[in-house]
Engineer: 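Have a look at this one before I ask anything.
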Amino acid sequence: MHRLMTADTYVANDPAAMAGHFAQRFHALAGNVERVIQGKRDSVELALICLFSEGHLLLEDVPGTGKTTLARSLAASVEASWRRVQFTPDLLPSDITGVSIFNQGANSFEFHPGPVFANIVLADEINRASPKTQAALLEVMEERQVTVDAVPHLVPRPFMVVATQNPVDMDGTYPLPEAQLDRFLMRISMGYPDHAAEVAVLRGMPTGPRIETLPVVARSQDVSWMIEFATRVHVADPMYDYVVAVVAGTRRSPDVRLGASPRASVALLRAARVRAVAAGRHYVVPEDVKALAAPVLAHRLLLTSEAELRGQTAAQVVGEVLAATPVPQA
């Protein structure tokens with residue numbers, strides 16, 4: 001029955017019960033992805049929060065830690081179209097967005113959509129493409145449309161870009177500019193699995209669960225409902241003040257030369273709403289903001305040269321800001 005109802009109906013009927021239903025579906029999705037991605041529950045849940053926040057995810061880690069596998073497992077778990085683009089130095093913007101081709105029979109130009117016209121787009125090793133090609137994603141990541149020959153073309157919803165990059169091998173790469181980084185809701189690292197998880201991976205080869213065999217846990221209607229319902233999660237007035245205070249604190253930090261923008265405030269609140277309802281609550285609490293502050297804000301900060309020389313990281317700055325910002329009381 002839940003697939004036939006709207007978010008307005010849910011809120012009007014019983015928001016607490018519907019939050020519980022959201023949490024059940026959310027954790028079923030996480031468990032399904034974990035059949036392939038062993039021992040990375042936090043990363044899996046952050047990726048799902050991005051999906052239901054209608055945000056984009058940047059996975060930054062060394063090779064072999066499961067970045068691409070996470071993106072593919074997520075796409076396989078939901079009833080959604082997905083495309084993979086391997087970014088290389090010779091990749092052109094039209095290879096991503098599409099191109100208009102003249103049809104002699106119809107005597108007109110026809111638009112042939114590129115791989116960006118999918119629900120989940122995997123941009124593999126995004127920093128290996130030229131800045132011109134990277135910039136082809138700027139419009140679609142923010143406005144959910146592609147403009148070709150002055151004609152806008154809407155991409156399907158939900159729409160999510162999952163980009164990966166290797167921070168170690170920098171030869172032949174082009175670092176993402178600040179404007180591009182700001183388009184990503186979160187940047188996370190997978191990290192190496194613990195001993196037990198890595199042993200489980202070895203034991204499961206070659207007969208263990210594969211991405212191709214993962215069942216679809218959420219249909220497109222479910223995903224649409226969950227996205228819409230998350231936008232209705234209650235946020236008390238003190239929580240709005242708290243989010244803005246945390247983001248503004250990054251701008252005042254002496255270790256930061258460029259703090260988080262108002263877009264970061266919007267992103268942090270959107271993600272906090274999803275985390276709240278994923279926990280079975282229909283309201284946001286300060287712990288939701290604290291848990292997501294580093295993944296949402298750290299990649300948007302530019303540190304001073306002095307801070308970098310001291311070995312300071314953006315995540316540490318976010319932690320210091322959280323510690324210095326008064327938490328609203330219930």
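Atoms considered below: every heavy atom in the structure, side chains included; atoms not considered: hydrogens, waters and symmetry mates.
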Engineer: Are Val116 and Phe111 connected, step by step, through hydrophobic side chains (Ile, Leu, Val, Met, Phe, Trp, Tyr) whose heavy atoms are closer than 4.5 Å?
Structural biologist: yes
Engineer: Does a salt bridge link Glu45 with Arg41, judged by any charged N lying under 4.0 Å from a carboxylate O?
Structural biologist: yes
Engineer: Kindly state each residue pair satisfying salt bridge (Lys or Arg N to Asp or Glu O under 4.0 Å) with at least one member in residues 258-274, sequence neighbours excluded.
Structural biologist: Glu142-Arg263, Asp182-Arg263
Engineer: In a check of side chain to side chain contact (heavy atoms under 4.5 Å, CB included) between Arg72 and each of Thr68, Leu70, Thr69, which one passes?
Structural biologist: Thr68
Engineer: Is the distance between the ring centroids of Tyr174 and Phe87 less than 6.0 Å?
Structural biologist: no
Engineer: Salt-bridged, Asp288 to Arg275, with N to O below 4.0 Å?
Structural biologist: yes
Engineer: Grouping I, L, V, M, F, W and Y whenever their side-chain heavy atoms are under 4.5 Å apart, do Phe159 and Leu58 come out in a common cluster?
Structural biologist: yes
Engineer: Check Leu51, Leu292, Leu57, Leu185 against Leu46 for a side chain to side chain contact (heavy atoms under 4.5 Å, CB included) and give me the one that passes.
Structural biologist: Leu292
Engineer: Would you call Glu178 and Arg300 a salt bridge, taking side-chain N to carboxylate O under 4.0 Å as the test?
Structural biologist: no
Engineer: Where do Leu258 and Leu301 land on the side-chain contact (heavy atoms from CB on, under 4.5 Å) test, with the steps shown first?
Structural biologist: CA-CA 6 Å; Leu258 179 64; Leu301 307 183; over 6 Å; no
Engineer: Over 60° means perpendicular and under 30° means parallel, so classify the ring planes of Phe22 and Phe52, tilted if in between.
Structural biologist: perpendicular
Engineer: With sequence neighbours excluded, what pairs up with Gln86 under the side-chain hydrogen bond (donor to acceptor under 3.5 Å, both in side chains) test?
Structural biologist: Arg84, Glu125
Engineer: Test your reading of the model: is there a side-chain donor-acceptor pair from Asp149 to the backbone of Val151, 3.5 Å cut-off?
Structural biologist: no
